[in-house]
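The structure under discussion appears below in the form of structure tokens.
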Number of protein chains: 2
Amino acid sequence: MNGSGTRGAVTMHDVAAAAGVSVKTVSNVVNDYPHIRPATREKVQRAIDELGYRMNLSARNLRQGRTGIIGLALPELSLPYFAELADSVIRAAEDRGLVVLIEQTSADRQHELDVLTSERRQLTDGLIFSPLELGPDDADALKVPYPIVVLGERIFGGDWDHVTMNNVDGARAATQHLIDRGRRRIAVIGAHAGEAMGSAALRVLGYQTALAANGIPFDPDLVIEGGLWHRATGADCVERVIASGVEFDAVFGLNDALALGAMHALHAHRIDVPGTVAVVGFDDIEDAAYASPTLTTISPGREQIAATAIDVLMARIAGDTEPFRRVIADFSLIERESTAP
Amino acid sequence: MNGSGTRGAVTMHDVAAAAGVSVKTVSNVVNDYPHIRPATREKVQRAIDELGYRMNLSARNLRQGRTGIIGLALPELSLPYFAELADSVIRAAEDRGLVVLIEQTSADRQHELDVLTSERRQLTDGLIFSPLELGPDDADALKVPYPIVVLGERIFGGDWDHVTMNNVDGARAATQHLIDRGRRRIAVIGAHAGEAMGSAALRVLGYQTALAANGIPFDPDLVIEGGLWHRATGADCVERVIASGVEFDAVFGLNDALALGAMHALHAHRIDVPGTVAVVGFDDIEDAAYASPTLTTISPGREQIAATAIDVLMARIAGDTEPFRRVIADFSLIERESTAP
DNA sequence: GCTACGATTTACAACGTTAGAAAGATTTCC
DNA sequence: GGAAATCTTTCTAACGTTGTAAATCGTAGC
């Protein structure tokens, strides 16, 4: 079936025999060992090309104790934010010659714990882990015997590397932007009452900080609860503010899906965006740029998060023993039509 | 750092020594070889538990020539359809004890070709490949020396397994549903003029088939071109039909994003959905269920496609030499508010 | 008690690669 | 010209697992 004769693959031994050198010399050529006579290198290279030799990675992995694969554990690819994060991580990994194995935790606590001790960890050199359900109490479970980089905010102060977006400052900037546009009655939608450390709480904190910095009183009536951060929730939140009769001239959706849903509901009520109500989101998912009007949002530095996570992880895999790092990605405000003056 | 003493992992040798049996017996226990005395099995199991032994997968891979990893090559995870497909494939693989390595081709022809011969193929037992740019001319490139299952419609008649959705019949059913609801002037948006074999062409074909079956004349003015299947394109298509003055009482978006964009534009024009214009999509992405009104669509059997692809691939990996299969997944019509009577 | 025949267990040799050190070439320097 | 230094190449063992075949055990049949 494959071009080159026998069923089994071509090995270094075959190449060595064809080139008239030892196996180790072939290995040296393949691995760019510096001290090789040009003539030898060429001889070997020719044999490799002629025989169509491909390295057997399992053998190399066994010998070196490395696989070149990193794990990425996240809630679900169906959620646009995580799909885009995975996209970025895969690209960043590819640039560095690594490959990514994705595991979904379905936002289930037990599943998140399982991933940490799964047999799959044998197959990966390290793990990038984006938990949604684990909290400070689970810190011990994260003390694993392999390199791990944790994404997101839920677990602080542990003994591991942490790469996160700047939820507080990002939210502050989003709010400040609305204030700069003359808005004073800013509804924030998608809040989670019970939570102290999740993205919702941190973003609401940023919102409050911005209000305070501008001497605008905080009105609890403008903080709208909303569980799942879906479009439908966003629409529902807006329906509720409107029904409540509370006045507002702007909406801060704690993520883009909420903001998009909000715009939809505003539209349904013939409320002009951004004329009457300005809207801003958070995450910069692709749809935000295609909505109408296009949505102003905070870009959380997804690419940077992905690249940094991979770099930190690679350093740990290579044996780096520096103190654990906490990296906070740079965010940026993407101004679009939904907050045009 | 890890609980069990020395840096290096526990091996079968350690377990064998602790249990007082040979390495092979440990291997037999681990692999559920039937002829093992219960007492022995228990002894070994206890040693395994005590030492916290985990199989070294690289070693097994080397010995068996299998990795337990399958590759999944798709355009981009940022596209919701592919993110959801990847989700389904990963779940299906997990159910069967496999693990998935995702590679993105960025919808780039060269990149799609590269994936087929990448060094990564050494790491996977087989490949599930969803090409977007390769066409019938590239058939030779798909004759690879490892198990491969091709998704999608672009390449027919080759010597490989093929799992695909039923674009023609699905589109026919979507159109028929609109006809059943009394619609006669159905605009179809997102068509690709040049294409003969892509999803766009096949779905338009299904649309025409349904019209013909019901004796409704085909009006080319109702077929609206649209390149990228994004929400913005859908909105734009609707703007164009409206501007053209052509009458219509329904819109068939060739995918959900187009349909959602269409609903948005209709809304902007104060056109009632489904009262004045009914809308139907294709793909059943998650947003379709959260839109307002919720979107009627064709569910292309994503789960089934994923499961079937994995099953076929596993059979090939196991050495199945049956003739190549072509599986067409069952679709279903999901009726929602956008086509309510 | 002895033989035969499964049931269990073991010894040994791979799987294809690379680390480490030794061996062989070649060059450099007096 | 010879010794030392350096560059190249080779040799020998692993890495941890499983397939094969052979060894050992246990017991049923006579």
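Owing to the predicted nature of the structure, the values given are computational and were not obtained by experimental measurement. Letters A, B, ... are given to chains in the order of the sequence lines, protein chains preceding strands, and every chain is numbered from 1.
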Report task. Would you give the length of the straight line joining atom CG of B:Asp14 to atom CG of B:Leu51, rounded to the nearest 0.5 angstrom? Result -> 6.5 Å

**Report entry** From CD (A:Glu322) to CG (A:Asp161), nearest 0.5 Å
**Finding:** 10.5 Å

Report task. Before accepting this row, confirm whether a basic side-chain N of the pair A:Arg91/A:Asp95 lies closer than 4.0 Å to the acidic partner's carboxylate O. Result -> no

Query - Between CG on residue B:Asp87 and OG on residue A:Ser106, distance to nearest 0.5 Å - result: 7.5 Å

Report summary line: Contact string for nucleotides 11-21 of chain C, one letter per nucleotide 5' to 3', B = base within protein heavy-atom range under 4.0 Å, S = sugar-phosphate only, - = neither, reads B-BBBBBBBB-

Report summary line: Sequence neighbours excluded, the answer for side-chain hydrogen bond (donor to acceptor under 3.5 Å, both in side chains) partners of B:Gln45 is B:Asp49

Query raised in the report: Do the side chains of A:Leu127 and A:Val115 get nearer than 4.5 Å, heavy atoms only?
Result: yes

Query raised in the report: Under the 3.5 angstrom rule, does the side chain of B:Glu112 hit a backbone N or O of B:Glu133 as a donor-acceptor pair?
Result: yes

Requested in this report: Answer yes or no: is there a side-chain heavy-atom contact under 4.5 Å between B:Ile102 and A:Ile90?
Outcome: yes

Query raised in the report: If you walk 5' to 3' along DNA chain D, what is the first nucleotide with an atom under 4.0 Å of a heavy atom in chain B, and what is the last?
Result: D:dG16 to D:dT20

Query raised in the report: Which angle, to the nearest 10 degrees, lies between the helix axes at the two ends of the helix from C:dG1-D:dC30 to C:dC30-D:dG1, each defined by five pairs?
Result: 40°

Scan the side chains in residues 64-77 of chain B for donor-acceptor partners under 3.5 Å anywhere in the protein, sequence neighbours excluded, and list what turns up.
residue: B:Thr67; atom: OG1; partner: B:Ile69; partner atom: N; Å: 3.1
residue: B:Thr67; atom: OG1; partner: B:Leu123; partner atom: O; Å: 2.8
residue: B:Thr67; atom: OG1; partner: B:Asp125; partner atom: OD1; Å: 3.1

Query raised in the report: Using 4.0 Å as the upper bound for N to carboxylate O, is an ion pair formed by A:Arg325 and A:Asp320?
Result: yes

Query raised in the report: Do NZ/NE/NH1/NH2 and the carboxylate oxygens of A:Arg96 and A:Asp311 come within less than 4.0 Å?
Result: yes

Query raised in the report: Which residues, if any, of residues 41-48 of chain B bring a heavy atom under 4.0 Å of DNA chain C?
Result: none

Query raised in the report: Mind checking whether B:Val29 and B:Ile36 have side chains closer than 4.5 Å, heavy atoms only?
Result: yes

